[in-house]
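Keep in mind that the numbers below use all heavy atoms, side chains included, and drop hydrogens, waters and symmetry copies.
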Amino acid sequence: GDNVLSRKLQTVLTSLPDAVVRKRLREVMAVDKTEFLHQIECPTLYFSGKKDRLIGAKPAELIQNKVPNCQAQTLDAPHMLLATRVDVRA
């Protein structure tokens, strides 16, 4: 369940040196592919989590505005919501 995944993630994150976690986060945050979003041609369903403390609501708004034929769905879940909300997986 949700608690098992949370405990596993916490175990992994606490085992990594702080410098490694900070470096990886900086690298992830430096990636910006916004200019390519308009090229997505297939219908898109964007999931976001109400409890997501990493991403927030702005990316969902941006993606919904930039991706043609995009629908956004907000779920009562944290970041990695598809791992924690097995009831919504296809």
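The CG atom of L16 sits 11.0 Å away from atom OG1 of T11, with the distance rounded to the nearest 0.5 Å. Interatomic distance, OG1 of T44 versus CD1 of I63, reported as 9.5 Å (0.5 Å rounding).
Sequence neighbours left out, the pairs with a member in residues 38-55 that pass salt bridge (Lys or Arg N to Asp or Glu O under 4.0 Å) are K51-D76. Contacts classified as salt bridge (Lys or Arg N to Asp or Glu O under 4.0 Å) and involving residues 29-40 (residues at least two apart or in different chains) are not found. The stretch residues 21-31 participates, sequence neighbours left out, in these side chain to side chain donor-acceptor pair (under 3.5 Å) pairs: K23-E27. The list of salt bridge (Lys or Arg N to Asp or Glu O under 4.0 Å) pairs with a residue in residues 10-19, not counting sequence neighbours, is empty.
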Could you give me the CA-CA distance, side-chain angles and deciding distance for L45 and F47, then say whether side-chain contact (heavy atoms from CB on, under 4.5 Å) is met? CA-CA 6 Å; L45 180 57; F47 287 111; 3.4 Å; yes

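Residues I55 and P59 come closest through the heavy atom pair CG2-CG, 3.3 Å.
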Enumerate donor-acceptor pairs with a distance under 3.5 Å from any side-chain N or O in residues 65-74 to protein atoms, sequence neighbours excluded.
from	atom 1	to	atom 2	distance (Å)
N65	ND2	E61	O	3.1
T74	OG1	S48	OG	3.2

